[in-house]
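Reading through the structure tokens given below for one structure.
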Amino acid sequence: MPELPEVETIRRDLERHVVGRRFVGVKLTWPGCIDRPSSEAFERLLPGRRIEAVERRGKFLILRLDDGWALAVHLRMTGRLTRRSQGSERGRHLRAVLRLDDGHELQFEDQRKFGRLYLVPDAAALADVLAKLGPEPLAATFTVDDLRALVRRRHTALKPLLLDQRAIAGLGNIYVDEALFRAGLHPLRRTETLSDDGIRRLHAGIVEALEQGIRNRGTTLSSYRDAWGTAGLNQEQLLVFRREGTPCPRCGTPIEKMRVAGRGTHYCPRCQPLSRQ
DNA sequence: AGACGAACCCGGACGC
DNA sequence: TGCGTCCGGGTTCGTC
């Protein structure tokens, strides 16, 4: 599942190859992948626009275009955005092809059809797409104080809080479990019971889990691929996610799996006790 | 406000 | 081998 580290990996790769390129054509093999405007308008309005920058906000990849336009992409669960040469083979889950002026194309593939493309004409319309996102966890401006304010403001368990994109942008099921393990905090731990030290550990856990993911070019458990179609490496380095039954890397206790907020949740019952600590 | 379930999807796993 | 069923997961939305 593409989360912040996976989208950031794609962003960094694409940035070096598509900035300055111009879209010259669009082929939608599944028009339902266009969120806005209509698929017909999308096909008409994208060609001719030049890519000026490649950015990321939470799990959104954002191509800044000339004249203030922008193309935002959300991969949801199984989406891929791959730069391939025109005429290269096309996979069975191909949903859209965005042709560029250098003989390459961006292929949007999505097995489960949850991913969406958003083409918007100005900053206000882009802000509307991104309106609900909380702070960027890897920004220098996201401090322990910010996390403390969030934790004091919200009354809930830690896992649903961290999954909420309005609270913090970019974490998903994998990196939430990894961050909580690093922090030594149980997924069901209530925000009200967190000490200042717990909050500090949580901040560090979030940052370290995400940075490791980026260093390893993302986590490929099934469908994630980078902009070249290559799998990531972080799945080899996960501490608890999908590791139930295997020894905790810190204490050796078998990792357990439970269901929290409707998600498979992995944790060490010894290193992440539910009682305050 | 927050908890929960449904909906959107479909490949893969599982049971028979 | 084949078929029916369940599962999962990011996000939104409706309901309690």
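The shown structure was predicted, so the numbers you read here are calculated from the model rather than taken from an experiment. The figures that follow rest on heavy atoms only: side chains count, while hydrogens, waters and symmetry mates do not. In what follows, chains carry the letters A, B, and so on, assigned in the order in which the sequence lines appear, proteins first and then strands, with residues in each chain numbered from 1.
Taking the six-membered ring where the residue is Trp, the centroids of A:Phe60 and A:Tyr118 are separated by under 6.0 Å.
Of the inter-residue distances, the one linking A:Glu109 atom CD with A:Thr29 atom OG1 reads 9.0 Å to the nearest 0.5 angstrom. Rounded to the nearest 0.5 angstrom, A:Arg200 CZ and A:Asp145 CG are separated by 13.0 Å. Distance check: A:Leu239 CG to A:Cys268 SG gives 11.0 Å after rounding to the nearest 0.5 Å. With values rounded to the nearest 0.5 angstrom, A:Lys27 atom NZ is found 9.0 Å from A:Arg90 atom CZ.
Every side chain to side chain donor-acceptor pair (under 3.5 Å) that A:Arg182 has, sequence neighbours left out, goes to A:Gln212. Every residue two or more places apart in sequence or in another chain that forms a side chain to side chain donor-acceptor pair (under 3.5 Å) with A:Thr78 is listed here: A:Asp110.
Here A:Gly264 lies in heavy-atom contact (under 4.0 Å) with sugar-phosphate atoms only. Among the heavy atoms of the strands, none lies under 4.0 Å from A:Arg166.
In the model, A:Tyr224 has no side-chain atom that pairs as donor or acceptor with a side-chain atom of A:Gln235 under 3.5 Å. Neither side chain, A:Lys257 nor A:Thr265, offers a donor N or O lying under 3.5 Å from an acceptor on the other.
When all heavy atoms are compared, the tightest approach of A:Val24 to A:Leu100 is CG2-O, 3.4 Å.
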Polar atoms only, N or O, under 3.5 Å: list the protein pairs with nucleotides 10-13 of chain C and their distances.
unit_1, atom_1, unit_2, atom_2, d
C:dG10, OP1, A:Asn173, N, 3.4
C:dG10, OP2, A:Arg263, NE, 3.1
C:dG10, OP2, A:Arg263, NH2, 3.4
C:dG10, N2, A:Arg76, NH1, 3.4
C:dT11, OP1, A:His74, NE2, 2.4
C:dT11, OP2, A:Lys59, NZ, 2.9
C:dT11, OP2, A:Gln165, NE2, 3.4

Short heteroatom pairs, N/O only, protein and nucleotides 3-5 of chain B, under 3.5 Å:
unit_1, atom_1, unit_2, atom_2, d
B:dA3, OP1, A:Thr156, OG1, 3.3
B:dA3, OP1, A:Arg190, NH1, 3.1
B:dA3, OP2, A:Thr156, OG1, 2.6

Distances under 3.5 Å between nitrogen or oxygen atoms of protein and nucleotides 10-12 of chain B:
unit_1, atom_1, unit_2, atom_2, d
B:dC10, OP1, A:Lys113, NZ, 3.1
B:dG11, O4', A:Gln111, NE2, 3.1

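Between the CZ atom of A:Arg259 and the C1' atom of C:dG8 there is a distance of 7 Å, given to the nearest Å. Taking atom CG of A:Leu221 as the reference point, atom C1' of C:dC7 lies 15 Å away to the nearest angstrom. C:dG8 atom P lies 10 Å from atom CD of A:Glu244, rounded to whole Å. As a whole-Å value, the separation of A:Tyr175 OH from C:dG9 C1' is 15 Å.
Results of the side-chain hydrogen bond (donor to acceptor under 3.5 Å, both in side chains) test with A:Tyr267 over A:Gln272, A:Glu256, A:Lys159 single out A:Glu256 as the only residue that passes.
Between A:Arg80 and A:Asp226, none of the side-chain N atoms (NZ, or NE/NH1/NH2) sits under 4.0 Å from a carboxylate O, so this pair counts as no salt bridge. Between A:Glu8 and A:Arg11, at least one side-chain nitrogen of the basic residue sits less than 4.0 Å from a carboxylate oxygen of the acidic one, meeting the salt-bridge criterion.
Annotation: the terminal axes of the helix from B:dG2-C:dC16 to B:dC16-C:dG2 meet at 50°, where each axis is the rotation carrying the C1' atoms of four end pairs onto the next four (5 pairs per end, rounded to 10°).
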